[in-house]
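Written below as structure tokens is the structure these notes are about.
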Amino acid sequence: MSVVPNQGNGKITVPELLQRKSSSAASSENSNPANSKGIVCLTAYDYPTARLLDEAGVDVILVGDSLAMVALGYDSTLPVTLDEMIHHARAVRRGTKRALLVADMPFGSYHSDTAESLRNAVRFVKEAGVEAVKVEGGERRLELIARLTEAEIPVMGHIGLTPQSVNALGGYRVQGKTTDGAEQLLRDARAVEAAGAFAIVLEAVPRELAAQITRELRIPTIGIGAGPDCDGQILVVHDLLGLTFDQTPKFARKYANVGEVISNAVRGYCQDVRSGTFPSDSESYHSGSSAKADKDKPVRISIC
Ligand code: KIV
């Protein structure tokens with residue numbers, strides 16, 4: 001179920017992402033920013049979305065625990081279970097060939113002992129074929145990140161606004177705005193890198209702080225609401241597509257209004273069924289001599 005990277009098959013790998021960071025650092029030292037190439041990341045939760053993202057050239061596909069909110073209708077990321085995450089990650093795996101596939105460890109799956117957290121991460125690799133896992137938290141995840149890395153499971157860190165901490169943080173707020181908060185985030189970023197993570201998500205932090213962390217770390221920073229100076233960017237795909245019901249944060253640029261497209265299509269269908277104009281004769285199968293015309297028509301939708 002996994003896609004094995006072979007030299008030259010274009011597969012995005014963890015070493016390649018690290019290499020991109022070090023070559024962009026080298027090129028900025030040589031004041032040649034043209035060589036730096038932003039890492040493009042998006043979330044996906046199902047096969048068709050993953051396939052479209054992969055074929056469009058996205059570098060990293062994250063099966064985010066935002067699944068809970070944008071696809072399962074919960075009002076936070078907390079309720080989604082490990083089994084649900086694995087179920088969706090398996091579908092995403094089937095649609096992903098080139099991109100690096102990362103899955104979020106959901107709330108509760110890495111919060112007790114390290115051995116159990118490791119077993120849960122191993123399930124993602126074995127059952128869903130993911131190539132890396134993401135965990136939220138900085139300094140307090142040092143031991144866990146080191147253990148997962150030692151077990152050959154690449155880890156993406158995530159600091160700043162960590163949605164699984166919504167109850168502890170008292171809401172979804174920009175982090176690192178005070179001097180103390182900024183210093184804590186710097187310590188968190190350093191700890192995540194020192195523990196062996198290959199990349200780190202910076203969510204909802206001031207642009208200036210994200211730029212400083214990006215300059216300081218050897219691993220790529222992936223921003224979401226962290227300004228343009230990170231090594232890469234990530235968005236929740238439903239925000240980008242306009243497939244949401246609530247107000248989206250200011251950093252979530254909307255590239256399409258798929259919600260409206262779906263709504264109009266379904267209204268059209270309702271109208272046609274009610275008025276009797278769907279299905280038409282040409283959309284019907286026939287018996288007798290007119291049946292010949294049906295011969296080459298598929299009777300099931302094919303995904304190939
Ligand atoms: O769950 C998620 O979608 C995320 C990203 C947006 C970073 O963690």
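Remember, it's 1-based here, ligands and their atoms both numbered in the order they're listed.
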Would [X] and [Y] pass as an ion pair if we require N to O under 4.0 Å?
X      : Y      : answer
Glu143 : Arg147 : no
Asp231 : Lys21  : yes
Arg218 : Glu193 : yes
Glu131 : Arg93  : yes
Asp59  : Arg20  : yes

Which atoms of ligand 1 are found less than 4.0 Å from any heavy atom of [X]?
X      : value
Ile224 : 6 (C)
Val236 : 3 (O), 6 (C)
Gly64  : 1 (O), 2 (C), 3 (O)

*Among protein heavy atoms, which sits nearest to atom 2 (C) of ligand 1, and what does the distance come to when rounded to 0.1 Å?*
Ser66 OG, 3.2 Å
_How far is atom 8 (O) of ligand 1 from the closest protein heavy atom, and which atom is that?_
Lys134 NZ, 2.9 Å
*Contact check, Glu136 vs ligand 1, heavy-atom distance below 4.0 Å*: no
Examine the proximity of ligand 1 to [X] and report which part, side chain or backbone, both or neither, has a heavy atom under 4.0 Å away.
X      : value
Thr77  : neither
Leu62  : side chain
Ile222 : neither

_Gln271, CD: over 12 other non-hydrogen atoms inside 6.0 angstrom_ = no
*Tell me, yes or no, whether the heavy-atom count around Gln247 atom CD, taken from other residues, nucleotides or ligands under 6.0 Å, exceeds 12.*
no
*asked:* Evaluate Thr43 for polar contact with ligand 1, using N/O atom pairs at a separation under 3.5 Å.
replied: no
*Of the options Gln164, Lys134, Arg141, which is the one that meets His158 in a side chain to side chain donor-acceptor pair (under 3.5 Å)?*
Lys134
*asked:* Heavy atoms only: which of Val63, Val102, Val201, Leu202 lies closest to atom 7 (C) of ligand 1?
replied: Val201
